[in-house]
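Have a look at the structure below, then the notes.
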Amino acid sequence: MQAKKMKAIVATGYGSPAVLQLQDVNTPTIKSNEVLVKIHATTVTKADTMMRTGTPYFGRLFTGLRTPKHPIPGTGFAGVVEAVGNQVSSLVVGDAVFGETTLGFSTNAEFVAVPENGVILKKPDSISYTEAAAFTDGHLTSYNFLKEIAQVKPGQKVLINGASGSLGTAAVQLAKYFGAEVTAVCSTRNIGLVKSLGAHHIIDYTKQDFTTTGQTYDVIYDTLGKRSFKECKKVLTEKGQYISPVLQFPLLFQMLWTSRFGRKKAKFAATGLRSDRELREMLQEVIRIVTAGHLKTVIDRQYPLEKVAEAHTYVDAGHKKGNVIINVQP
Ligand SMILES: NC(=O)c1ccc[n+]([C@@H]2O[C@H](COP(=O)([O-])OP(=O)(O)OC[C@H]3O[C@@H](n4cnc5c(N)ncnc54)[C@H](OP(=O)(O)O)[C@@H]3O)[C@@H](O)[C@H]2O)c1
């Protein structure tokens, strides 16, 4: 019997957005422990653009040395369960779900197969597919960094550098929700957006350098890795923490060093490498915070599936506000 076909974006190699092509490929066949999700919405994230270029190069040890091991890009998804394997008990056909495939990628497509015990959760009716598809990028990552890694406490002073991006827009709101006094760093054109998210103080990075204002912070969350631990150290409080989701060798070294010496700490983590169970638990918390009205999902541009390459070009430029969504179902 001929396999059913679906539309998907296929990366024909590592490189510019031109490597991403819309193709007809086989619809995934599910194993007994998997569900087939008909995708309504997926995303193009900054991390997806790094996967596309295959940089930093050591990342190719995981993603494929010469060409991507998983040629269909994308990790975030929201959609409806289309079929279930015969051992699946917690999900049924017709359930609205969302989640992420982490190192399995493959979500810039009409369908994806996901293990029942993978990062997949039921989507509350009050949350749209468009919003839910974005949860596993900024919301999940910033929750991990602020709550789990920095353990932000009420009354602490937290500075978010890169406050208008996917991680930043979530971080401003989450830090405020955790009771911190939030300083957001963004450019002039994003001041209105960042203010609307509840930042207590705003620093326009085109006019002022936050490391020279004389203010100190308990936590500096550098969402874009634009400033180093060394530069930020002087504006950290005595036991302050510099946390960044951007992998750079000096930061890894500083993390190792400060874990043993000195009171000020530097920290990096790869959220997607946490266990599926931990990711699901954090996402449950994210859903709770969103449905309680404390965390909005900032959505910038939306594209249809066939325009994923265009979406990559936009994300590459580095000026997106919040999240970029791919609507797979029109
Ligand atoms: N480790 C992990 O677990 C993990 C997970 C997910 C993502 N990440 C990484 O996290 C990073 C951030 O991703 P993202 O999606 O939040 O980025 P993004 O949305 O692409 O960031 C774009 C935003 O950054 C602002 N910006 C640019 N230069 C700036 C500067 N010098 N200072 C302050 N703001 C600046 C831009 O505003 P203007 O144009 O107005 O300046 C724009 O709004 C990426 O490197 C991604 O790979 C890591």
Side-chain angles (χ1 to χ4, degrees), residues 43-56 59 62-63 73-76 100 102-103 105 119 133-150 159-174 183-195 197 199 202-211 220-228 231-232 243-248 251-252 255 266-275 278-279 282-283 286 297-301 311-325:
T43 48
V44 171
T45 67
K46 193 78 189 161
D48 292 335
T49 63
M50 289 165 69
M51 297 297 168
R52 188 202 72 228
T53 55
T55 53
F62 302 97
T63 59
T75 55
E100 75 166 318
T102 60
L103 287 176
F105 303 97
V119 187
F135 280 12
T136 50
D137 190 33
H139 290 4
L140 180 64
T141 309
S142 289
Y143 181 90
N144 183 34
F145 271 81
L146 294 173
K147 185 72 183 171
E148 305 277 324
I149 296 168
L159 179 135
I160 313 293
N161 191 27
S164 52
S166 170
L167 275 54
T169 51
V172 169
Q173 301 174 81
L174 285 168
T183 301
V185 182
C186 64
S187 66
T188 319
R189 70 188 189 104
N190 286 321
I191 289 176
L193 165 71
V194 166
K195 209 177 255 175
L197 300 175
I202 296 176
I203 297 176
D204 181 343
Y205 78 82
T206 66
K207 299 197 171 125
Q208 203 175 15
D209 175 349
F210 73 82
T211 66
I220 294 179
Y221 180 28
D222 190 1
T223 65
L224 297 160
K226 292 279 184 191
R227 307 302 295 264
S228 64
E231 286 173 305
C232 294
I243 57 173
S244 178
V246 182
L247 182 57
Q248 300 182 63
L251 177 57
L252 285 185
M255 180 163 81
K267 294 179 182 173
F268 164 83
T271 309
L273 295 184
R274 296 195 66 158
S275 73
E278 289 171 319
L279 293 172
M282 290 196 289
L283 275 175
V286 164
T297 309
V298 176
I299 293 175
D300 188 351
R301 296 194 183 173
H312 271 248
T313 303
Y314 181 58
V315 176
D316 274 348
H319 299 296
K320 76 175 161 71
K321 300 179 187 200
N323 301 278
V324 167
I325 305 292

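Both ligands and their constituent atoms are indexed starting at 1 by order of listing.
If you look at Val315 next to ligand 1, there are no close heavy atoms at all, none under 4.0 Å. Residue Ala270 touches ligand 1 through its backbone alone, judged by heavy-atom distances below 4.0 Å. With a 4.0 Å cut-off on non-hydrogen atoms, Lys226 touches ligand 1 through its side chain and not its backbone. The proximity of Ala269 to ligand 1, defined as any non-hydrogen pair under 4.0 Å, is limited to the backbone. For Leu167, heavy-atom contacts with ligand 1 shorter than 4.0 Å involve the backbone as well as the side chain. When non-hydrogen atoms are compared, ligand 1 lies under 4.0 Å from the side chain of Asp137 (C-beta onward) but not from its backbone.
Ion pairing of Arg52 with Asp316 is present here, as a side-chain N (NZ or NE/NH1/NH2) and a carboxylate O approach within less than 4.0 Å.
If you number the atoms of ligand 1 from 1 as listed, the ones under 4.0 Å from a heavy atom of Val246 come out as 11 (C), 45 (O). Shown in contact with Leu224 at under 4.0 Å from a heavy atom are these atoms of ligand 1, numbered in order with element: 12 (C), 17 (O), 21 (O), 24 (O), 25 (C), 26 (N), 27 (C), 29 (C), 34 (N), 35 (C). The ligand atoms of ligand 1 that sit less than 4.0 angstrom from a heavy atom of Gly162 are 33 (C), 34 (N).
Close N/O approach between Lys321 and ligand 1 is not found [any backbone or side-chain N/O within under 3.5 Å]. At under 3.5 Å, a nitrogen or oxygen of Pro245, whether backbone or side chain, sits near a nitrogen or oxygen of ligand 1.
Each of Asp300, Thr141, Asp137 was scored for a side-chain hydrogen bond (donor to acceptor under 3.5 Å, both in side chains) with Ser166, with one residue passing: Asp137.
Counting only non-hydrogen atoms, the option in Asn161, Val194, Thr141 that gets closest to atom 6 (C) of ligand 1 is Thr141. Around atom 12 (C) of ligand 1, the closest heavy atom drawn from Ile191, Thr223, Leu140 belongs to Thr223.
Here the protein heavy atom with the shortest distance to atom 39 (O) of ligand 1 is His319 ND1, 2.3 Å. Protein heavy atom at the shortest distance from atom 42 (C) of ligand 1 is Lys320 O, 3.0 Å.
For Arg227 and Tyr205, the positive end is not near the middle of the six-membered ring at less than 6.0 Å and at most 45° from its axis.
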